[in-house]
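Below is one structure, written out as structure tokens, with a few remarks after it.
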Amino acid sequence: MSTYKLLLLPGDGIGPEVMAEVEKVVGWLGKTGLASFETEHGHVGGSAIDAHGKPLSDETLARADAADAILLGAVGGPKWNGIAYDLRPEAGLLRLRKDLGLFANLRPAICYPALADASALKRELVEGLDIMIVRELTGGVYFGEPKEITALPDGSKRAVDTQVYTTGEIERIAHVAFDLARKRSGRVASAEKNNVMKTGVLWKEVVTKVHAEHYADVELEHVLADNCAMQLVRRPKQFDVLVTDNLFGDVLSDVAAMLTGSLGMLPSASLGAVDARGTRKALYEPVHGSAPDIAGKGFANPIAMIGSLAMCLRYSFGLGEAADLVEGAITKALASGARTRDIAAEGQETISTAQMGDAILRELETARGV
Ligand code: IPM
Ligand code: MN
């Protein structure tokens, strides 16, 4: 069996706490012989600023480039609020995404039956929900130039961000969405604002063309991004694959996350292009942030982080069986009543981050008959 090189970047806030639970699962997979990993650790975000004076060192970037996959916890927190814009913790994560070419961000929003009552929406609206948000991750307003604040003669200031997309950038993310749809229900919704943005006009045009030329068997619907946000809370199950740009994807995936009960439930995969050897760069991280308000308290939900490992097994290593096992163990732990605070119903007993990790490990062991 191949041994895979995993780089673990726990980052800030609750990042290290949830990463510790993933390490238990990684250790278990190695022990059972289901997968073999060599793990190393590194710093990103605020923890990297503290260790090396910048949010991602060249050395960590080189190790990320050499790894078979990267698992990342979260970045940011009030401790680094005063820092220069280019050195802020988030810049470390953005550099990883950009420099490794991780343009395709998959954010699956699944509502587990046991959690349908934890959602802010009515059970019947979210029960059985299974949406895949495909967010473009290396373009758009996150990286467009100019991006600056300049002084005006009257003493006030002018701020500019630039939303920019090229045909090629839209084509490649459209292919990812359509290919995924073929393995799912065969439906894609594409969200943009072609009514006010030129990038929206081009987005719609290119997605339509890719569809017509290569994916006539897939159903395509165009939706304005604001309407999409509304539809997500009105009737979320109408969506299957949802493809959108970097900024809309950031916002819409937070909305989708809350449908599932908690931001603590959503994993994600950020993938690069497939290379000549058939491999691709990949980083896996929970959609939730560093949650500084609850950091260090030991009650963060590790499920999004553990779910990100499952995505890594599936997408980077083709270990579908191991991924199913991990995802199944999460489902069973939830069904057995294991709840961190964020997903507990009123009056329900809650457990710690580590206890949730242990509950998932127990289900893994039961599933393997150990
Ligand atoms: C996310 C986060 C990041 C983003 C931040 C931390 C830079 O919100 O992954 O959704 O905006 O992409
Ligand atoms: Mn976000």
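Hydrogens, waters and symmetry mates play no part in the numbers below; they use all other heavy atoms, side chains included. Both counts, for ligands and for their atoms, begin at 1 and track the order of listing.
- Here the heavy atom of the protein found nearest to atom 10 (O) of ligand 1 is Asp250 OD1, 2.8 Å.
- Below 4.0 Å from some heavy atom of Glu90 lie the following atoms of ligand 1, by number and element: 6 (C), 7 (C).
- The shortest separation from a heavy atom of Arg107 to ligand 1 is under 4.0 Å, placing the residue in contact.
- A salt bridge between Asp99 and Lys281 is absent, with no side-chain N of the basic residue lying under 4.0 Å from a carboxylate O of the acidic one.
- When distances from the Mn ion (ligand 2) to the N, O or S atoms of Asp250 are compared, OD1 comes out shortest.
- A heavy-atom separation below 4.0 Å is found between Arg135 and ligand 1.
- Under 3.5 Å, the side chains of Tyr142 and Asp161 contain no donor-acceptor pair of N or O atoms.
- Checked by distance only, ligand 1 and Arg97 come closer than 3.5 Å through their nitrogen or oxygen atoms.
- Using cut-offs of 30° and 60° for the angle between ring planes, the Tyr4 and Phe317 rings count as parallel.
- Under the 3.5 Å distance criterion, with hydrogens and angles disregarded, no donor-acceptor pair is assigned to the side chains of Gln163 and Asn246.
- Under the 3.5 Å distance criterion, with hydrogens and angles disregarded, no donor-acceptor pair is assigned to the side chains of Trp80 and Asp12.
- The cationic group of Lys193 does not satisfy the cation-pi geometry with Phe248, failing either the under 6.0 Å distance to the six-membered ring centre or the 45° limit from the ring axis.
- Atom 11 (O) of ligand 1 has Tyr142 OH, 2.5 Å as its closest protein atom, hydrogens excluded (heavy atom only).
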